[in-house]
Amino acid sequence: WLHAAGLAVRPWGQTRLELNGGERTSDDGLALIRTRLRWEGADLDVGLAGHWYLLLSAEHDHGDGSDAVQGHASLSWLF
């Protein structure tokens, strides 16, 4: 099973904030193993002066025996 949800808002100007999360459950019928993975994440997109664009993203994955946090940042020039 996979359940996921997200919510995005534009609080001001060229800014967008998104929150998301979900859960994935998998069953292995041969090994009789069930695994579960959950995650929460956030993305922030900001249009800067001129043609510049900033993206910040973070995600926390956790579940059966795993726990990881990853982040991403980028600065782009749109032409």
Residue pair [X] / [Y]: nearest heavy atoms and the distance that separates them:
| X | Y | result |
| --- | --- | --- |
| Trp39 | His3 | CH2-O, 4.0 Å |
| Ala42 | Asn20 | N-ND2, 4.4 Å |
| His60 | Asp67 | NE2-OD1, 2.6 Å |

Following the transitive rule for hydrophobic clusters with a side-chain heavy-atom cut-off under 4.5 Å over Ile, Leu, Val, Met, Phe, Trp and Tyr, establish whether Leu17 and Trp12 coincide in one cluster. no

Taken in chain and number order and not counting sequence neighbours, the residues that satisfy side chain to side chain donor-acceptor pair (under 3.5 Å) with Glu18 are Arg16

Side chain to side chain donor-acceptor pair (under 3.5 Å) partners for Ser76, two or more places apart: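 Ser76 satisfies side chain to side chain donor-acceptor pair (under 3.5 Å) with no other residue.
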
For the atom pair [atom1] ([X]) and [atom2] ([Y]), what is the distance rounded to the nearest 0.5 Å?
| X | Y | atom1 | atom2 | value |
| --- | --- | --- | --- | --- |
| Asp61 | Arg38 | CG | CZ | 13.0 Å |
| Ile33 | Ser26 | CD1 | OG | 11.5 Å |
| Glu23 | Leu2 | CD | CG | 9.5 Å |
| Leu54 | Leu44 | CG | CG | 7.0 Å |

Could you pull out all residues at least two apart from [X] that satisfy side-chain contact (heavy atoms from CB on, under 4.5 Å)?
| X | value |
| --- | --- |
| Asp64 | Thr35, Arg36 |
| Trp77 | His51, Trp52, Phe79 |
| Asp27 | Arg34 |

- Asp43 and His72 side chains, donor-acceptor separation under 3.5 Å: no

task: Give me the other members of the hydrophobic cluster that Leu78 sits in, counting Ile, Leu, Val, Met, Phe, Trp and Tyr linked by side-chain heavy atoms under 4.5 Å, directly or via other members.
output: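 In the cluster with Leu78 are Tyr53, Leu55.
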
